[in-house]
Each structure stands twice: as structure tokens, then as C-alpha cells.
Asks: 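Handing you this structure, nothing more for now.
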Amino acid sequence: MRELERRINYHKSHAGVVALMFLDLDRFKKVNDVFGHKVGDQLLCEVGKRLSGVVRGNDLVGRWGGDEFVVAISGALDEEAINSKATEILHVMRETVELPGHTLNVLTSIGVAFSVDGERSADLLLQCADVAMYQAKKLGRDNFCFYTEEMGLFVRKRIQIEADLPDAISQNQLLLNYQPKVSCLTNEVVGFEVLLRWLHPEFGLIPPGDFIPVVESSGLIVDVGEWVLTEVARQLVEWRKAGYELLPVAVNISGFHLHDESLSLFIKALAHQYQLNPSLLEVEITENALTGDTDSSIATMTELKKLGIKLSVDDFGTGYSSLSYLKKFPIDVLKIDRSFINECAYNPDDAAICMAIISLAKSLGLKIVAEGVESLEQLEFIQQQGCDIYQGYLYSRPLPASDVEVLLRRG
């Protein structure tokens, strides 16, 4: 860091660029887990040799820590020269690694940031390159990505979101929308899926993809899940008071919450408090939530089933768990992920996947729901295959509770 700062300070008075490349070995942990730490150490030494072999004598190469390395080049550099050097590093890293008794292929992701004429400090340059490296991983790994100010704004926004999350509930910033679930046979609304929204005082309506991962990675995931369940119960009571026939509402529950034994007890207490039939609540979980603590998941799901609650697997077909969980877990519903529905009417591969999922569900006695139905062609296809229920923009976008009453009024 001292040497990096020295070079940056030099270019404050002598025009030039310092380019910092932050490298992370993709899936290095698997090497340690499968082959042992000795092989991992040998691999790190080989990476060091390769990086040293592709830079100039006055360039910096260092192991930052763990499986992270940094390369700093400086001088009269332009973007083309930096691009060329990053490409060269990727090329040499792709070569097979021959170690005693083992042949490995370990790829890397690289984030690149610049300090032009000393404009960025060493600490800031490292931070920017680190941000760009994570962007490279998001784009598919085994590549490099240049830092942009937009990335910095995104990171600062995420940090702000994380800081503001604890106040979101207490200050009534969280909202719920309800998307109708519709019978493929009669086109009648048979239930709803509740979707969480956050109306931030500074950023406005934050897209779920921006804050749900923050919620899931924070210690507030159970608090938020319980808030959603409570709000749904309260809303059902409001609709009951207004004289509407109540329909089941599906609530997405995180894997962490599913593994918490308090979930079934909380729902039972909630149903008693609001004098609601628990069967009006449906619990949705993703495939990946079923991996990990299997015994704990089965115990919680069994207790939920005793209350009469239906259990649904969301985004089916996109996770990494084994099909054996369909036998292990007391599941009632499979939801076909929208990524398969998008082109099911004309893409043979997507059509085949949808047909297979529907056939699998039928053979196991499970209900099947298609997500993201936006066209008549998609609806006609899933109807022909025997799908039970659909949801998506074709029928309705997610609605605030006040607009849901219009549907309930129609019966």
C-alpha cells in the first residue's frame, strides 16, 4: 500500500495513470475442501509465479489475502493498454495448473480501477477495484470489469439501504402488494401472492431485487417475515369485516426463517389472535431454502401442515437441490419459474421443461402454478398442458390492498 501510494503521489506532479487490478480466484474454496490446504497453497504459489511472469519489472504484484491478488501497473497508459494487460492475465490464468498428483483449472475474476494524475488515493483505488471485481463475478466470472461511477453509486446506495433497513418497519415504510392467482380452467381469482415493497424516504420505491437480498443477509429476516405475516392477517380481517369472501394469500418465507422453529408457533398464535383459519395462509419457499438443515425444515413444515397451511415451492427448476426433496418434504404446490414461461409458447426447450414440470407435479398429486404469464399464447400453452393456476401481468399486476377489493367485490 505504501508503494501504491508512492506511485499515485508521483503522478500528481508527473502526468500518468496507475491502474490497479484486483483478482479473486473463482471457487478456490473448493480446491481447499477437495484436495486439502497443501494443494491450495501450491496453487497460490503458482498463481503468484504466473502473475509475476506477465508484468513488467517495475510493476507491483501482491497477494492481498486468502485467494485475492493485486496487480498495479503505472505510467503513460491508455485504456487499450490496460485492457490488453487484463486480457493477458486472464489468458495465462486459464492454463491448466499441473501440481504433484493433481491437475487443476482455476479461473479468476478481475476488477480494474484507475488513478489518473493521482486523483484517487491508494485506499480508494483498492475499494473501487474491489467493487469492479464483484461486478465481474456477477457477469459470469472468468472476465474483467472496469470500475465506473455508476458502480460506486450502486454500492453507496446499498450501504445506505442496509443502514436504513432497521427503521423501515418502525417508520411504516414497508408496503404489501397482492398479485391475483387465477384458475386456468375458469379464469376466476382463487388466491393471491403477497409481494413486499419498500417506499424509501430518499430513494422512493426501491425494486425488490435491490433490497430483498439485503433483508435476507441481515439479522432482520425473521422480523420482516413476521411483519409480513402479521400485515396479511390484519388485511384479511379487514376484508372479512367488509363482507368479502376470503381467499388464501401466499407469503414468501426465507430459508433462514423456515429453519427457525418459531415460525409455526408464530403463525398459530397469529391465527388465534385474529380468529383466522390458518389455511388462509400459504407458505412459499424457494428450492434452495430446502437445502441445508433438512431435519429442521421437515419438522417446521410438518407443524405448518398440521395447521392446515399449504406449502409451495417457488421458482421451481432454478435451484440446485435434488428432486428427492419432493419425496422428503410435505409439499402441496410447485410454481414454474417465469424464466421457463417467457418463451414456452415457441421455444421447444422451454416448452419441454414446462411440460415435464407439469407432468411431474400431476404424477405426485401436486398443484401447479405458472408465474409471469403475460400473453394469451403463454396461457393457452399451459392450459393445454393441464396447468392449474397462473399469475402474471396478463391478468393483473401486483395491486395495493385497496384495489384488491375491486376483485373481491366481483366475487
Asks: Please check: side-chain N/O of R50 versus main-chain N/O of E95, any donor-acceptor pairing under 3.5 Å?
Replies: yes
Asks: Should L60 and R7 count as side-chain neighbours, where that means a heavy-atom distance under 4.5 Å?
Replies: yes
Asks: So for atom CZ, which belongs to F266, do other residues, nucleotides or ligands contribute more than 12 heavy atoms lying within a distance under 6.0 Å?
Replies: yes
Asks: Is any NZ, NE, NH1 or NH2 atom of the basic residue among K137 and D26 found under 4.0 Å from an Asp or Glu carboxylate oxygen of the other?
Replies: yes
Asks: Which heavy-atom pair separates D337 from E371 by the least distance, and what is that distance?
Replies: CA-OE1, 3.7 Å
Asks: Taking CD in E79 as the centre, count heavy atoms belonging to other residues, nucleotides or ligands within less than 6.0 Å. Is the count above 12?
Replies: no
Asks: How many angstroms lie between NZ in K138 and SG in C145, if you round to the nearest 0.5 Å?
Replies: 10.5 Å
Asks: Would you find more than 12 non-hydrogen atoms of other residues, nucleotides or ligands less than 6.0 Å from K310 atom NZ?
Replies: no
Asks: Locate the shortest heavy-atom distance separating I309 from D332; write the atom from each residue and the value.
Replies: O-OD2, 4.1 Å
Asks: Does a side-chain heavy-atom distance below 4.5 Å link L176 with L195?
Replies: no
Asks: Can you tell me how far apart CD (Q378) and OH (Y346) are? Round to the nearest 0.5 Å.
Replies: 7.5 Å
Asks: Mark yes or no for whether K362, through its side chain, and G386, through its backbone, hold a donor-acceptor pair below 3.5 Å.
Replies: yes
Asks: If you compare all heavy atoms of L4 against all heavy atoms of A72, which two are closest, and at what distance to 0.1 Å?
Replies: CD1-CB, 4.0 Å
Asks: NE2/H257 to CG/D223 distance, rounded to the nearest 0.5 angstrom?
Replies: 9.0 Å
Asks: Of the non-hydrogen atoms in E68 and D24, which two are nearest, and what is the gap between them?
Replies: CG-OD1, 3.4 Å
Asks: Going by heavy atoms in the side chains, are L407 and F192 under 4.5 Å from each other?
Replies: yes
Asks: Taking atom types as modelled, find out whether N252 and E193 have a side-chain donor-acceptor pair closer than 3.5 angstrom.
Replies: yes
Asks: Roughly how far, to the nearest 0.5 Å, is the CD1 atom of I267 from the CD atom of E303?
Replies: 11.5 Å
Asks: Does this structure show an ion pair linking E282 with K181, if we count only N-O contacts that are shorter than 4.0 Å?
Replies: yes
Asks: Could you go through the side chain to side chain contact (heavy atoms under 4.5 Å, CB included) check for V369 and S312 one step at a time?
Replies: CA-CA 9 Å; V369 178; S312 173; 5.9 Å; no
Asks: Pairing donors with acceptors under 3.5 angstrom, does anything connect the side chains of T96 and N105?
Replies: yes
Asks: Any side-chain to backbone donor/acceptor pair from D117 onto G16? Under 3.5 Å, distance only.
Replies: yes
Asks: Considering the options W227, F203, F211, which one meets the ring pair (Phe, Tyr, Trp, His ring centres under 6.0 Å) requirement together with W198?
Replies: F211
Asks: Stepwise, does the side chain to side chain contact (heavy atoms under 4.5 Å, CB included) test hold for F69 with T108?
Replies: CA-CA 10 Å; F69 291 80; T108 189; over 6 Å; no
Asks: Just by modelled atom types, is the E80 backbone N or O under 3.5 Å from a matching donor or acceptor in the S84 side chain?
Replies: no
Asks: Which heavy-atom pair separates F340 from I357 by the least distance, and what is that distance?
Replies: CD1-CD1, 4.4 Å
Asks: Looking at CG of L399 and CD of E405, how far apart are the two atoms once the value is rounded to the nearest 0.5 Å?
Replies: 11.5 Å
Asks: Would you say that more than 12 heavy atoms from the other residues, nucleotides or ligands in this model lie under 6.0 Å from the CZ of F256, or not?
Replies: no
Asks: Can you tell me if T300 uses its side chain to pair, donor with acceptor, with the backbone of S297 under 3.5 Å?
Replies: no
Asks: Would a 4.5 Å heavy-atom cut-off, applied to side chains only, mark R6 and E3 as touching?
Replies: yes
Asks: For the residue pair R397 and Y393, would you count it as a cation-pi contact if the rule is NZ or CZ under 6.0 angstrom from the ring centre and within 45 degrees of the ring axis?
Replies: yes
Asks: Assess the residue pair L107 and M93 against the criterion (side chain to side chain contact (heavy atoms under 4.5 Å, CB included)); give the C-alpha distance rounded to whole Å, side-chain angles, the decisive distance to 0.1 Å, and a yes or no.
Replies: CA-CA 6 Å; L107 305 177; M93 291 296 294; over 6 Å; no
Asks: Is there a donor-acceptor pair under 3.5 Å between the side chain of H91 and the backbone N or O of T87?
Replies: no
Asks: Strictly by modelled atom types, are N187 and Y390 linked by a side-chain donor-acceptor pair under 3.5 Å?
Replies: yes
Asks: So V404 and W239, do their side chains get closer than 4.5 Å, heavy atoms only?
Replies: yes
Asks: Walk me through it: do E231 and Q235 pass the test side chain to side chain contact (heavy atoms under 4.5 Å, CB included)?
Replies: CA-CA 6 Å; E231 194 64 16; Q235 186 60 65; 5.6 Å; no
Asks: Does a side-chain N-to-carboxylate-O contact under 4.0 Å join R2 and E5?
Replies: no
Asks: Hey, what do you get for CG (L125) to CD (E119), rounding to the nearest 0.5 Å?
Replies: 9.0 Å
Asks: Do we see a donor-acceptor contact under 3.5 Å between the side chains of D123 and S121?
Replies: no
Asks: For the residue pair V71 and V55, what are the closest heavy atoms and their distance?
Replies: CG1-CG1, 3.8 Å
